[in-house]
J.: 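Could you have a look at this structure, given as structure tokens, before my questions?
Side chains included, hydrogens not; waters and symmetry mates left out as well; all remaining heavy atoms used. The chains referred to below are lettered A, B, ... by the order of the sequence lines, with proteins before strands, and numbering in each begins at 1.
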There are 2 protein chains.
Amino acid sequence: MENKIFRNFLGEKGLKPTKERIAVLSEVFSFHGHFEPEYLYLRIKNAGSKASRASVYRTLSLLVDCGLVKKVTRTEKGNIYEHTYGHSHHDHMICDACGEIIEFYSEKLENLQDEICSENSFAGSSHTLEIRGHCKKCRTKQS
Amino acid sequence: MENKIFRNFLGEKGLKPTKERIAVLSEVFSFHGHFEPEYLYLRIKNAGSKASRASVYRTLSLLVDCGLVKKVTRTEKGNIYEHTYGHSHHDHMICDACGEIIEFYSEKLENLQDEICSENSFAGSSHTLEIRGHCKKCRTKQS
DNA sequence: CTGAAACTGAGATTGAATTGCAATTTAACT
DNA sequence: AGTTAAATTGCAATTCAATCTCAGTTTCAG
Ligand SMILES: [Mn+2]
Ligand SMILES: [Mn+2]
Ligand SMILES: [Zn+2]
Ligand SMILES: [Zn+2]
């Protein structure tokens with residue numbers, strides 16, 4: 001489980017599993033979905049643990065490094081993260097009319113991307129595909 | 001041509017085609033490829049025109065609004081743009097080590113996306129695919 | 001021409017993220 | 001348990017792209 005993985009990762013790097021780091025780890029895995037560092041910081045505080053903003057940022061980096069967490073996007077505001085351990089990869093379709101988000105996954109699509117990476121001698125490690133348009137509901141509503 | 005399009009866009013909004021705005025427009029279309037606002041600012045200066053950083057940022061927003069320019073991605077540093085008018089659709093691979101951006105286009109990939117949209121009764125109108133990883137150069141350098 | 005509205009540049013401000021550093025904590029080894 | 005070096009922390013200072021403020025300037029419809 002994630003605790004084990006993180007402690008292992010820290011051990012290998014000569015880093016220590018301090019309460020602050022563990023508090024961040026626990027909080028990150030205490031809920032599902034996307035989050036901003038500040039939101040995480042507040043949740044930790046609210047949960048009765050303590051970790052400064054600096055520690056939250058620093059630990060978040062470590063979690064990304066060890067693969068438990070992923071930086072989803074950089075928005076105008078700041079970065080958005082999500083924990084990935086225990087979740088499978090998917091991409092998104094977003095309806096420009098109602099904002100609905102449809103998640104999808106296609107093995108074929110993933111393979112095709114790998115092919116394209118090879119063709120370009122690129123070692124792809126992650127990707128973000130966002131398809132924009134109109135969902136069924138909004139399309140029928142329009143007629 | 002882009003000049004006409006931009007002036008039209010400005011007119012419709014009650015905005016004025018000032019020398020600064022036109023200088024930014026011209027510079028944006030004076031070369032092909034990706035660029036950061038600061039780089040554009042320096043190019044404009046170097047070209048003998050004048051436009052403050054503030055105007056460059058402000059005009060860049062307008063150009064995006066009117067569809068002549070697109071925000072390609074957001075890096076640790078800042079935004080990266082490209083002019084789209086006169087260019088056909090393509091997606092990007094971005095090297096996490098050196099920042100190089102590789103453009104690619106795959107008919108198969110586009111078709112596959114259309115298929116996936118159909119399967120989800122979604123009318124896709126645009127998409128952004130960004131593959132992150134390491135380019136050939138950075139990968140060999142590492143060994 | 002004229003005047004109201006739009007625009008500009010310089011510098012101030014914002015805010016997420018990073019960093020310097022003195023004090024504190026950790027844990028390996030007696 | 002006690003010692004100690006290395007790691008870690010929090011706070012405040014800093015960074016830096018991006019945005020905003022606002023007084024002076026420019027544009028252009030009438
Ligand atoms: Mn999702
Ligand atoms: Mn491109
Ligand atoms: Zn919809
Ligand atoms: Zn590279």
J.: To the nearest Å, give me how far apart CD1 (A/Ile22) and P (D/dT8) are.
T.: 12 Å
J.: Within this structure, what is the CG-to-P distance between B/Leu10 and D/dA29, rounded to whole angstrom?
T.: 13 Å
J.: Is A/Thr18 close enough to D/dT9 that one of its side-chain N or O atoms is under 4.0 Å from OP1 or OP2 there?
T.: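 For A/Thr18, the contact criterion (side-chain N or O under 4.0 Å from OP1 or OP2 of D/dT9) is met.
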J.: Starting at atom CD1 of B/Ile44, determine the distance to atom C1' of C/dT8, rounded to an integer number of angstrom.
T.: 14 Å
J.: Compare side-chain N and O positions of B/Lys19 against OP1 and OP2 of D/dT27 and report whether any pair is under 4.0 Å apart.
T.: yes
J.: Could you tell me whether the side chain of B/Ser121 and the main chain of A/Cys135 form a donor-acceptor pair under 3.5 Å?
T.: no
J.: Sort and list the pairs that fulfil side chain to side chain donor-acceptor pair (under 3.5 Å) and have at least one residue in residues 97-106 of chain B, not counting sequence neighbours.
T.: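 Non-adjacent pairs meeting side chain to side chain donor-acceptor pair (under 3.5 Å): B/His34-B/Glu103, B/His90-B/Glu103, B/Tyr105-B/Glu107.
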J.: Nearest whole Å is fine: how far is D/dG10 P from A/Tyr41 OH?
T.: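 My rounded result for the distance is 9 Å.
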J.: So which one's nearest nucleotide on DNA chain D is more toward 5', B/Lys16 or B/Tyr81?
T.: B/Tyr81
J.: Any idea how B/Phe31 and B/Phe35 line up, ring-wise: parallel (<30°), tilted (30 to 60°), or perpendicular (>60°)?
T.: perpendicular
J.: In whole angstrom, give the distance that lies between atom CG of A/Leu25 and atom P of D/dT8.
T.: 15 Å
J.: Rounding to a whole Å, what distance do you find between A/Leu15:CG and C/dT25:C1'?
T.: 15 Å
J.: Of the residues in residues 45-78 of chain B, which ones touch DNA chain D at a heavy-atom distance under 4.0 Å?
T.: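 Output list: B/Ala54, B/Tyr57, B/Arg58, B/Lys77, B/Gly78.
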J.: Taking C-beta and beyond as the side chain, do A/Glu36 and A/Leu42 meet within less than 4.5 Å on heavy atoms?
T.: no
J.: Decide, yes or no, whether a salt bridge links B/Glu38 with B/Lys77 under the criterion of side-chain N to carboxylate O below 4.0 Å.
T.: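 B/Lys77 and B/Glu38: not salt-bridged.
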J.: Only one of B/Leu40, B/Leu62, B/Thr18, B/Val69 forms a side chain to side chain contact (heavy atoms under 4.5 Å, CB included) with B/Val24, so which one is it?
T.: B/Leu40
J.: Distance check needed: C/dA17 P versus A/Glu38 CD, whole Å only.
T.: 9 Å
J.: Tell me if a side-chain donor or acceptor on A/Thr59 pairs with a main-chain N or O of A/Leu25 at a distance below 3.5 Å.
T.: no
J.: Rounding to an integer number of Å, can you tell me how far A/Asn79 CG sits from C/dG15 P?
T.: 17 Å
